[in-house]
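The next block holds one structure in the form of structure tokens; read it before the comments.
Order of the sequence lines sets the chain letters (A, B, ...), proteins ahead of strands, with each chain counted from 1. Predicted model only: the values in this text are computed from it and were never measured.
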Protein chains: 2
Amino acid sequence: MKDAPRPSAKKLTMQDVAAVAGVSPMTVSNCFRYPERVQDTTRAAVLEVAANLGYVPNMSAGLLATGTSRVIGAVLPSVRNSSFYNYTLGLRDAAAARGHRLITMIAETPEEELSAVQTLLGLRVAGIALVAGPHAPALRQLLDLSGMPAVESWGGADAIGCGVGYDVGAASRELTQHLIAQGRRRIGFVDVSGGGGLRYSMRLPAFRQEMFAAGLSDALVLKVRAADGFGAGGQIVDEFLAQEPRLDAILCPSDVVAAGAVFACNRRGLSVPDEIAVAGWGDYDIGRQLTPSLTTIAPFSDEIGVGAIRALLDGARTETRVQTRFALLVRESA
Amino acid sequence: MKDAPRPSAKKLTMQDVAAVAGVSPMTVSNCFRYPERVQDTTRAAVLEVAANLGYVPNMSAGLLATGTSRVIGAVLPSVRNSSFYNYTLGLRDAAAARGHRLITMIAETPEEELSAVQTLLGLRVAGIALVAGPHAPALRQLLDLSGMPAVESWGGADAIGCGVGYDVGAASRELTQHLIAQGRRRIGFVDVSGGGGLRYSMRLPAFRQEMFAAGLSDALVLKVRAADGFGAGGQIVDEFLAQEPRLDAILCPSDVVAAGAVFACNRRGLSVPDEIAVAGWGDYDIGRQLTPSLTTIAPFSDEIGVGAIRALLDGARTETRVQTRFALLVRESA
DNA sequence: ACAAATTATTGTAGCGCTACAATCGTCAAG
DNA sequence: CTTGACGATTGTAGCGCTACAATAATTTGT
């Protein structure tokens with residue numbers, strides 16, 4: 001079969017649809033953009049022709065003509081965990097509710113993030129949603145200069161654009177208090193250095209504060225590179241126990257790490273939570289299903305997404321900070 | 001401070017950059033699009049001005065003028081597992097290597113998928129990467145009519161556009177053979193009904209074929225709704241054991257389900273793999289870290305992404321099928 | 001030094017669509 | 001049978017950019 005596989009390669013325009021439907025191009029345009037301006041019968045006929053032809057309006061031309069787009073761009077630093085997934089769904093659904101679409105780009109490094117933002121800027125999207133973390137130095141300036149509405153989810157005081165997120169410090173404090181109230185005294189804290197920025201960095205000071213308030217030693221802090229991976233949990237347990245064999249609690253940066261830590265404890269014959277408490281962060285699926293189930297901080301990530309869209313579309317001031325909720329979920333592990 | 005938070009709201013054009021740089025708009029255009037056509041000194045000056053102004057070329061205008069875009073669109077059915085994540089990275093990196101950018105949209109239902117494709121079509125992207133699964137009836141026709149290059153990843157014979165994926169049937173056969181060779185005789189197969197389409201549906205026939213070839217009963221088949229969630233693993237174990245207490249192996253649709261099954265077996269005091277083998281699918285992180293580690297099929301998802309981009313950009317015929325690799329990873333659980 | 005070849009830069013026109021103002025029907029009131 | 005009034009429809013111009021052809025600047029050969 002040497003037949004051209006795509007005979008319809010010539011591109012359709014509103015002109016074509018208008019010609020077939022026997023109306024002017026403007027009427028076709030109105031059918032898509034302001035349906036109420038067109039008589040029902042006319043509109044039905046036009047849309048039918050468009051559907052038969054497989055015509056979809058060229059957004060780029062529309063954007064060029066109107067100067068506005070109904071697409072929101074989000075840049076995500078990996079999507080491996082359910083927090084980001086729920087966040088993305090929150091963004092998408094909130095955007096859809098206001099007649100916008102969401103497109104996402106994945107960027108694992110500050111350079112990739114900058115490049116993604118440039119692409120989004122080039123697309124002239126209606127707004128850009130970032131996630132807090134280390135950013136390229138040029139990013140903030142670029143967004144300021146471009147005048148593009150931006151929000152930084154999980155962002156705090158120094159957010160680019162509007163910051164939307166929960167009070168990580170308060171969550172950390174609450175979790176620490178819970179452990180102390182349980183009678184834990186030798187508590188290890190796993191700190192994620194580098195990656196994640198405020199998303200992580202607010203936790204340690206809050207932990208220290210509570211330990212100090214309770215008159216306990218806050219000396220057990222372990223730095224790890226990334227918060228991902230079960231493997232990290234295993235190493236953490238090994239290193240902590242080498243430092244302090246009587247350790248009775250571990251605060252992990254994520255449920256995944258906590259799960260790894262639980263596995264490691266099991267392997268060593270350490271009972272969780274009887275001999276050692278393990279707390280996670282993020283309320284991932286695994287924490288719910290694990291035995292013992294994980295005590296964790298649930299971040300209401302979808303609310304962050306919803307808040308971000310609201311801030312973007314309602315033109316929130318750059319200085320605004322939107323607080324979303326979080327919850328301490330006390331389960332079996334701590 | 002009542003100062004306008006975004007004084008630079010007036011939109012920049014090439015005109016503006018050209019005026020400041022003292023060259024014609026065409027030269028600015030060339031600097032971005034064909035840098036080699038412009039003298040080094042001129043280009044440096046122009047790009048510097050652009051950077052200072054925060055100017056990013058308007059892709060929409062460029063697309064309108066040239067009729068081509070350097071953006072690829074991908075529609076993903078959720079991104080909860082590392083297969084899709086690796087696939088997305090494969091797409092993105094392969095696209096970047098060829099000067100293209102990747103934007104993604106999440107669609108959990110066929111209707112959302114259709115809507116996402118319409119948006120991507122409206123954006124006039126250079127190509128669309130779909131994932132195999134149930135599609136809206138109108139989708140195939142829309143893509144055909146539009147002449148948009150499309151690939152269906154994990155797609156088989158009936159793929160929309162070019163199908164890129166590994167031989168799921170062969171993988172299923174290999175895994176089944178492995179269990180049989182181990183001496184397993186009463187093997188339970190978990191079938192995902194509905195969602196996922198060919199991504200799952202080729203597995204059961206291959207399983208049956210091998211069981212038949214070995215003279216074994218293939219009667220133990222359990223249908224589940226979704227392949228996600230640890231919880232599913234628990235239910236599966238309960239139901240299988242109710243049906244056949246002497247069950248000695250379970251083939252799960254994913255590592256997550258398999259992990260849930262392992263947890264359930266542990267809870268019942270069933271030893272994996274001594275008393276019962278549990279095989280996963282997908283080579284997720286959890287399978288590597290679990291004790292026992294999971295025997296699974298590793299899909300080389302990033303290769304699917306790379307193949308998809310190649311098919312898209314090289315204009316592969318619709319009928320083409322691209323095979324990627326897979327590997328049976330024999331670990332502790334089976 | 002001058003023509004020819006080469007490289008760098010610049011107008012012009014138009015991509016597909018929509019804001020806006022102008023037109024065309026249509027129907028009710030006078 | 002007009003005149004208005006109102007809603008439906010339609011021209012026109014231009015959004016920001018780039019293909020292409022044309023022009024200007026520079027280098028090379030003789």
Side-chain angles (χ1 to χ4, degrees), chain A residues 9-47 49-50 53-71 119 121-126 146-148, chain B residues 9-47 49-50 53-71 119 121-126 146-148:
Chain A
K10 61 130 197 229
K11 33 194 101 156
L12 286 172
T13 72
M14 261 183 188
Q15 201 69 248
D16 303 317
V17 177
V20 175
V23 296
S24 77
M26 259 324 294
T27 299
V28 179
S29 173
N30 283 331
C31 284
F32 285 103
R33 193 161 276 253
Y34 302 103
E36 72 284 1
R37 288 190 189 167
V38 181
Q39 212 167 349
D40 291 359
T41 56
T42 313
R43 185 178 55 240
V46 169
L47 292 181
V49 169
L53 258 34
Y55 172 76
V56 177
N58 186 332
M59 272 195 202
S60 299
L63 163 55
L64 196 54
T66 61
T68 61
S69 144
R70 290 183 153 282
V71 174
T119 300
L121 245 18
L123 250 15
R124 298 292 192 269
V125 295
S146 68
M148 172 67 66
Chain B
K10 62 134 195 227
K11 32 193 105 157
L12 286 173
T13 73
M14 261 182 190
Q15 201 71 245
D16 303 317
V17 177
V20 176
V23 296
S24 76
M26 258 324 294
T27 299
V28 179
S29 173
N30 283 331
C31 284
F32 285 103
R33 192 160 277 252
Y34 302 101
E36 74 284 1
R37 287 190 189 166
V38 180
Q39 213 168 346
D40 292 359
T41 55
T42 313
R43 185 178 55 238
V46 169
L47 292 181
V49 169
L53 260 35
Y55 172 77
V56 177
N58 185 331
M59 272 194 203
S60 299
L63 163 56
L64 196 54
T66 62
T68 60
S69 144
R70 289 182 155 283
V71 173
T119 300
L121 245 19
L123 250 16
R124 297 295 190 270
V125 294
S146 69
M148 173 66 68

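Taking both residues in full, the closest heavy atoms of A:Ser69 and A:Arg124 are given as CB-O, 3.2 Å, listed atom of the first, atom of the second, then distance. B:Val49 approaches B:Val20 most closely through the heavy-atom pair CG1-CG1, 3.6 Å. When all heavy atoms of A:Ser146 and A:Leu121 are compared, the closest pair comes out as OG-CD1, 3.8 Å.
Axis deviation across the helix from C:dA1-D:dT30 to C:dG30-D:dC1 amounts to 40°, comparing end segments of five pairs, rounded to 10 degrees.
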Between the protein and nucleotides 4-6 of chain D, list the N/O to N/O atom pairs that are separated by less than 3.5 angstrom.
none

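Of the side-chain N and O atoms in B:Thr27, none sit less than 4.0 angstrom from OP1 or OP2 of C:dT9.
You'll find the side chain of B:Thr42 reaches within 4.5 Å of the side chain of B:Val23, heavy atoms only.
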Run the side-chain donor-acceptor check on residues 55-64 of chain B: report pairs under 3.5 Å with partners two or more places apart or on a different chain.
from	atom 1	to	atom 2	distance (Å)
B:Asn58	OD1	B:Ser60	N	2.9
B:Asn58	OD1	B:Ala61	N	3.3

Distance-only donor-acceptor hits, side chain of residues 26-41 of chain B, under 3.5 Å, sequence neighbours excluded:
from	atom 1	to	atom 2	distance (Å)
B:Thr27	OG1	B:Ser24	OG	3.3
B:Asn30	ND2	B:Met26	O	3.3
B:Asp40	OD1	B:Arg43	NH2	3.1

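To the nearest angstrom, C1' of D:dA8 lies 12 Å from CZ of A:Arg43. Distance A:Gln39 CD to C:dC24 P: 18 Å, rounded to the nearest Å.
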Under 4.0 Å protein heavy-atom contact, by nucleotide of nucleotides 15-28 of chain D - B base, S sugar-phosphate only: BBBBBB--------
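Scored by the salt bridge (Lys or Arg N to Asp or Glu O under 4.0 Å) test, B:Arg70 finds no partners at all (sequence neighbours excluded).
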